[in-house]
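The chains referred to below are lettered A, B, ... by the order of the sequence lines, with proteins before strands, and numbering in each begins at 1.
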Amino acid sequence: MTDSYNPSEIDKKWQRKWEEDGLYESPDDDPRPKWYFLTMLPYTSGDLHIGHWYPMAPSDVAARYKRMQGYNVLFPMGFDAFGLPAENAAIKQQIHPYKWTMDNIQRMRQQLKSMGAMFDWRREASSCDPEYYRWTQWWFLKFYEKGLAYRAKAPANWCPSCQTVLANEQVLPSGDCERCGTPVSRRDLEQWFFRITNYADELLDHSQIQWPERVVTMQKNWIGRSEGVEIAFGLDVPGVEEKDIRVFTTRPDTVYGVTFMVLAPEHPLVEKLTTPDRRAEVEAYVEQARRLSEIQRLSTEKEKTGVFTGSYCKNLLSGQEVALWVADYALLTYGTGIVMGVPAHDHRDLDFAKKYGLPIITVIAPPGWQGEELTEAYVEQGTMVNSGPFDGTPSDQGYHAVADYVESKGWGGRKVGYRLRDWLISRQRYWGCPIPIVYCDRCGTVPVPEEDLPVLLPEDAEFKPTGESPLASHQGFVNTTCPRCQGPARRETDTMDTFMDSNWYFIRYLSPHYDEGPVDPALAKKWLPVDQYTGGAEHAVMHLLYARFFWKVARDLGMLPGDEPFLRLFNQGHIAVERAKMSKSRGNVITPDEYVDRLGADTVRCYLMFMGPWEHGGEWDDSGIFGIHRWLNRVWGLILGGAPTDGADAEAAHQLRHVTHKTIRRVTEDMERFRFNTMLAALMEFSNSLAKARESGAVDAGAWQEAVETLLLLMAPSAPHLSEELWARLGKPYSIHQQPWPKWDEELAKEEEITLVVQVNGKVRDRLQVPADIDEERAKELALASQRVQAHIEGKQIQRVIYVPGKLVNVVVR
RNA sequence: GCCGAAGUGGCGGAAUUGGUAGACGCGGCAGACUCAAAAUCUGCUGAGGGGCAACCCUCGUGCCGGUUCGACUCCGGCCUUCGGCACCA
């Protein structure tokens, strides 16, 4: 008799041994080809739950597979440690964010280790570590030196009652402050931006990376490149120095149809253009617009609103006077912040014109148009009408004709517009990376010299529920001396967006303690870029776009090789509980710990993979986990129970080898595609057929040995503890994780017989077992000879017979 | 609202290129073992109908329509759910 599978014992035993032996330390000097496998790092929320294992365990499996394939695999882990929740905890529980975060990291690291992953813990990095954020600040200085960092006014959510800036997350859907219920407004603050728009065109190019098509599409839409024309309209308003206002349009051919102009409520010209009699109304409208979120403002369902400023501009092409309105559907951040209103040919403009009784002039005639009034906005191409000298021009040509004319007159010209905006990196918070800038009355804005980095977060900051930024009120932090003139100066008190930290964590992993730069250049050259990145689709746009931008800037600084940080990307899904994401605040956290204690890490790892396709994620339901556990137990018994090894015939031996090699192929192909659920199904089928073979009473000794060893090798990435234990018990050399991945023999794996499906008019009527190499003539012959087929074609006329090699015959009758 | 996805038995899911719908597992039912239970093992298990039976027929992949010899797969239109929408990470 064999002893039974005892995961709690063998998990610990092997984890200890692997750690002692440094089995998973990826050598920096290794001749094997490198493979950098990166999975997104967790935020240090302190509740490492099954939702964290879901992305990590299969990543570990894929990384282990690559390693067995002969790559020198780097699979690091770290912690995304700056952010809002730590600061909230500080305010609520009076725990310092540093302590809160470090305690969480400590706990999460232990939980992660229980998974049995091949993380190289020597490479661990945490973004809140001064050793890390010193270099985040260094990068900021490089951006600043390159002219990619600048300051400008930008709105932030402002709670007038709490006297504080709120994150979007802290504003309720109603637009009220989540803490006190006061309506939140927007207030303009001087903030730091990165010029990501300088790289917009390069970011649109995904040709060097293998990413899911949907992520590429989302990024392209996010960047939103559109070609258009900027057109000046004449302005002659007493007391206003600007003599024209400019709009960006993708439809210059409709310019004769402009009947009004719309300025974004935040536009600086609004105040100047508003006539005294309109002032009260305009100010009230602007104030109201500042309360709406961008999503609300842009909703095409929301009724259009706006107010007239009292001023006019002049359409230089038509000579028409055009009323200047303020409306919240114009966004300051897109184009020039001013939209030309062409109600006849734009849905939103039409809604607006109808509501406020503004004129509607048709300037693009649909085919066959007889001058009748259009009931809907006509947004397609047509023929220009009511357009002075351009009448009769097809609108696609009109685009260029108007653009040329505008350019020749010096009234504007062709331009490319982007939906993408520069990246606002300032956050009015404590728990983030301080922006290394000093403001001096004499010298102005002065970067902190590199040798003075890091600008440390003061440890004795106070966290008051008033919401006042702990850095801004910390005199010891704020007051400093100017690095240039040594005079009194003030520090920047904003910290950086945490996306700045996550832009380069995978670079820091390579040499987390290197202190002569953000990364040891030799290691950057050796390991970068990342070969495979895995993480949630929620990062499809922001993180992944910012990180690409960051990389390109670093490349231009000569710091990094190649044009892209992540060559391949896979987005896994998420585990939900009662349809909600797992989180401490929702109180729906499922920890892996109790499952690991009872059933072992391998069961939990495999169950997460078996739930469904990795990219789908799913609702947590543990009812199937025992099925996986039973399977691992059966494998245990199967391997240790041996098999009667005499009296097997050659055919049985061949069958066993066929199944073995077919399984190697299936598992390998599924590994390549990250289809872990079907990979495990293939392994289960394999172990089931081994059990059947044993039951038959006799198996070929050689074929059996090959089969069980193959089973263990194929299972090694998924169930690393169990397979290591059984490998050792078979007397095979340590470690199974250093063995090469099995290769299949195409001859053995191929099917000798196939099921030929026979259809009549597309309906399955028979299935025939035939040799795999059957030819078309013979297949059709057999199909028509089938009695079941005969019954369905009797008395009917055969029109044609369709043959799909290796698959089916379809008899079409009438 | 806009952008991007997903929807298949009682449940999770499978079906690599338009070609056998339901692999694998859970649950359920029946049986074996047992004094009994647990564990384990074996068989059956989409719905409806027919047949003593081996089997046979019809329907069936969110909904409506289309293309095709043939559609879970392609096209058009909807519905629902999920991710993102620039200060959650």
Test log, rule side-chain hydrogen bond (donor to acceptor under 3.5 Å, both in side chains), inputs A:Ser226 and A:Tyr334:
CA-CA 11 Å; A:Ser226 56; A:Tyr334 186 77; 3.1 Å; yes
So if I take every side-chain heavy atom of A:Ile295 and compare against B:G25, B:C88, B:C85, which nucleotide ends up nearest?
B:C85
For RNA chain B, the dot-bracket notation using Watson-Crick and G-U wobble pairs below 3.5 Å, [ ] for pseudoknot-type crossings and | for other-strand pairs, is (((((((..(((......[....)))((((((.......))))))(((((....)))))..(((((..]....))))))))))))....
Take the protein atom CD1 of A:Ile196 and the nucleotide atom P of B:A86, then report the distance between them rounded to whole Å.
15 Å
Return yes if some donor-acceptor pair links the side-chain N/O of A:Ser583 with the main-chain N/O of A:Arg586 below 3.5 Å, else return no.
yes
If you check the A:Val757 side chain, which of B:A5, B:U20, B:G84 turns out closest?
B:U20
Using the P atoms only, state how far B:A21 lies from B:G60, rounded to an integer number of Å.
13 Å
From the list A:Leu784, A:Val812, A:Val760, side-chain contact (heavy atoms from CB on, under 4.5 Å) partner of A:Ile798 resolves to A:Leu784
For the side chain of A:Asn168, counting heavy atoms from C-beta on, which of B:G12, B:A86, B:U40 is nearest?
B:A86
OP1 or OP2 of B:C56 less than 4.0 angstrom from a side-chain nitrogen or oxygen of A:Arg765, does that happen here?
no
How should the glycosidic conformation of B:G25 be described, syn or anti, under the criterion that syn lies within 90° of 0?
anti
Backbone of A:Met611 reached by a side-chain donor or acceptor of A:Asn677 within 3.5 Å:
no
Testing B:C24, B:U20, B:A6 for proximity to the side chain of A:Asn688, the answer is B:C24
Donor-acceptor pairs under 3.5 Å, side chain of residues 763-771 of chain A to any protein atom, not counting sequence neighbours: which ones?
from     : atom 1 : to       : atom 2 : distance (Å)
A:Arg765 : NH1    : A:His792 : NE2    : 3.3
A:Asp766 : OD1    : A:Arg788 : NH1    : 3.0
A:Asp766 : OD2    : A:Ser786 : OG     : 2.6
A:Gln769 : OE1    : A:Thr755 : OG1    : 2.8
A:Gln769 : NE2    : A:Glu753 : OE1    : 3.2

Of the residues in residues 676-686 of chain A, which ones touch RNA chain B at a heavy-atom distance under 4.0 Å?
A:Asn677, A:Thr678, A:Ala681, A:Met684, A:Glu685
Please determine, for the side chain of A:His792, which listed nucleotide (B:C57, B:A5, B:C3) has the closest atom?
B:C57
side-chain hydrogen bond (donor to acceptor under 3.5 Å, both in side chains) filter on A:Glu492, not counting sequence neighbours, yields A:Trp192, A:Tyr439
Considering only B:U20, B:A6, B:C85, which nucleotide approaches the side chain of A:Arg767 most closely?
B:U20
Scan nucleotides 69-74 of chain B against the protein and return all N/O pairs shorter than 3.5 Å with their distances rounded to 0.1 Å.
from  : atom 1 : to       : atom 2 : distance (Å)
B:C69 : OP1    : A:Arg800 : NH1    : 3.3
B:C69 : O2     : A:Asn810 : ND2    : 2.3

What contact category does A:Phe626 fall into here, base, sugar-phosphate, or nothing, at under 4.0 angstrom with non-hydrogen atoms?
nothing
Separation of B:A86 atom P from A:Arg548 atom CZ, nearest Å, is 20 Å
OP1 or OP2 of B:C59 versus the side-chain N and O atoms of A:Lys763: is any pair under 4.0 Å?
yes
When we call it a touch if two heavy atoms are under 4.0 Å apart, what does A:Trp222 touch: a base, just sugar-phosphate, or nothing?
base
Determine the Euclidean distance between corresponding C1' atoms of B:C72 and B:C63; express it in Å to zero decimal places.
15 Å
Without swapping roles, check the side chain of A:Ser426 against the backbone of A:Asp494 for a donor-acceptor pair under 3.5 Å.
no
Spacing of the C1' atoms in B:G10 and B:A47 (rounded, Å):
12 Å
Consider the side chain of A:Glu538, meaning its heavy atoms from C-beta on, and name the nucleotide among B:C88, B:G84, B:A86 that approaches it most closely.
B:G84
Could you please name the option among B:C59, B:C24, B:G1 that lies closest to any side-chain atom of A:Ser299?
B:G1
Quick check, are the ring centers of A:Phe82 and A:Tyr133 under 6.0 angstrom apart?
yes
A:Trp614 ring center within less than 6.0 Å of A:Phe570 ring center
yes
Output all residues satisfying salt bridge (charged side-chain N to carboxylate O under 4.0 Å, His left out) with A:Glu746, sequence neighbours left out; order by chain, then residue number.
A:Arg665
